[in-house]
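See structure below.
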Amino acid sequence: MQKLGKITNVSPSGNALVKVDNPPKIGSEVVDENLNVVGKVFDIIGPVPAPYVVIKPTDRELTRLVDKPVYLLLSKTQRSRREK
């Protein structure tokens, strides 16, 4: 698990915005601290020095997660590389 950042805002369409330093790949799975899947990285927007990640939720309301940290769920290959 790798910290992505805190959800700063939820758009009217229901997507969440997270300010990040290192943008992940589009399609990466995003989870909360309890490993519940929140959604997937849908887009990366904003200026290159200060990008934001747009998270498309799976099926639930994200407003309760505003100002709370979210994490990237690393793939099995990424996890095995980190363990070595």
Side-chain angles (χ1 to χ4, degrees):
M1 203 163 63
Q2 176 184 347
K3 186 173 182 179
L4 181 61
K6 288 185 179 181
I7 294 179
T8 58
N9 196 2
V10 176
S11 71
S13 62
N15 294 332
L17 296 174
V18 178
K19 187 173 186 330
V20 296
D21 294 325
N22 264 340
K25 290 183 179 180
I26 292 177
S28 299
E29 243 180 353
V30 180
V31 296
D32 63 11
E33 64 269 356
N34 298 322
L35 294 178
N36 297 318
V37 176
V38 171
K40 290 191 176 190
V41 174
F42 176 70
D43 201 0
I44 299 166
I45 60 172
V48 172
Y52 282 82
V53 168
V54 179
I55 299 171
K56 188 164 207 73
T58 49
D59 62 359
R60 58 182 167 172
E61 191 67 31
L62 292 180
T63 53
R64 65 180 185 79
L65 293 175
V66 171
D67 289 332
K68 296 202 174 155
V70 288
Y71 304 87
L72 288 176
L73 193 58
L74 299 176
S75 68
K76 289 181 182 178
T77 55
Q78 288 174 320
R79 278 183 270 172
S80 65
R81 281 189 213 138
R82 286 190 161 209
E83 292 170 359
K84 291 182 181 178

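None of these values were measured; they are calculated from a predicted model. Side chains included, hydrogens not; waters and symmetry mates left out as well; all remaining heavy atoms used.
- There is no path of hydrophobic side-chain contacts, each under 4.5 Å, that joins I26 to I45.
- In terms of modelled atom types and a separation under 3.5 Å, the side chain of D32 and the main chain of N34 share a donor-acceptor contact.
- Two residues are said to be in side-chain contact when any heavy atoms from C-beta on lie closer than 4.5 Å; P57 and V38 fail this criterion.
- Counting only heavy atoms from C-beta outward, the side chains of V10 and N15 never approach each other to under 4.5 Å.
- Using a 4.5 Å heavy-atom threshold, the side chains of L35 and Y71 count as separate.
- Side-chain contact between L72 and E29 is absent, with no heavy atoms from C-beta onward closer than 4.5 Å.
- When side chains are defined from C-beta on, L17 does not count as touching S11, because their heavy atoms never get closer than 4.5 Å.
- With values rounded to the nearest 0.5 angstrom, I7 atom CD1 is found 5.0 Å from I55 atom CD1.
- The only member of V37, V18, V41, T58 that meets side chain to side chain contact (heavy atoms under 4.5 Å, CB included) when paired with V30 is V41.
- Pairing each heavy atom of P51 with each of I44, the nearest pair is CB-CG2, 4.1 Å.
- The closest side-chain heavy-atom distance from S28 to K40 is not below 4.5 Å.
- Linking ILVMFWY residues whenever their side-chain heavy atoms come closer than 4.5 Å, directly or via other members, leaves Y52 and L4 in distinct clusters.
- Judged as a salt bridge (charged side-chain N to carboxylate O under 4.0 Å, His left out), not a single pair has a partner in residues 4-24 (not counting sequence neighbours).
- No side-chain heavy atom of V31 sits less than 4.5 Å from a side-chain heavy atom of V70.
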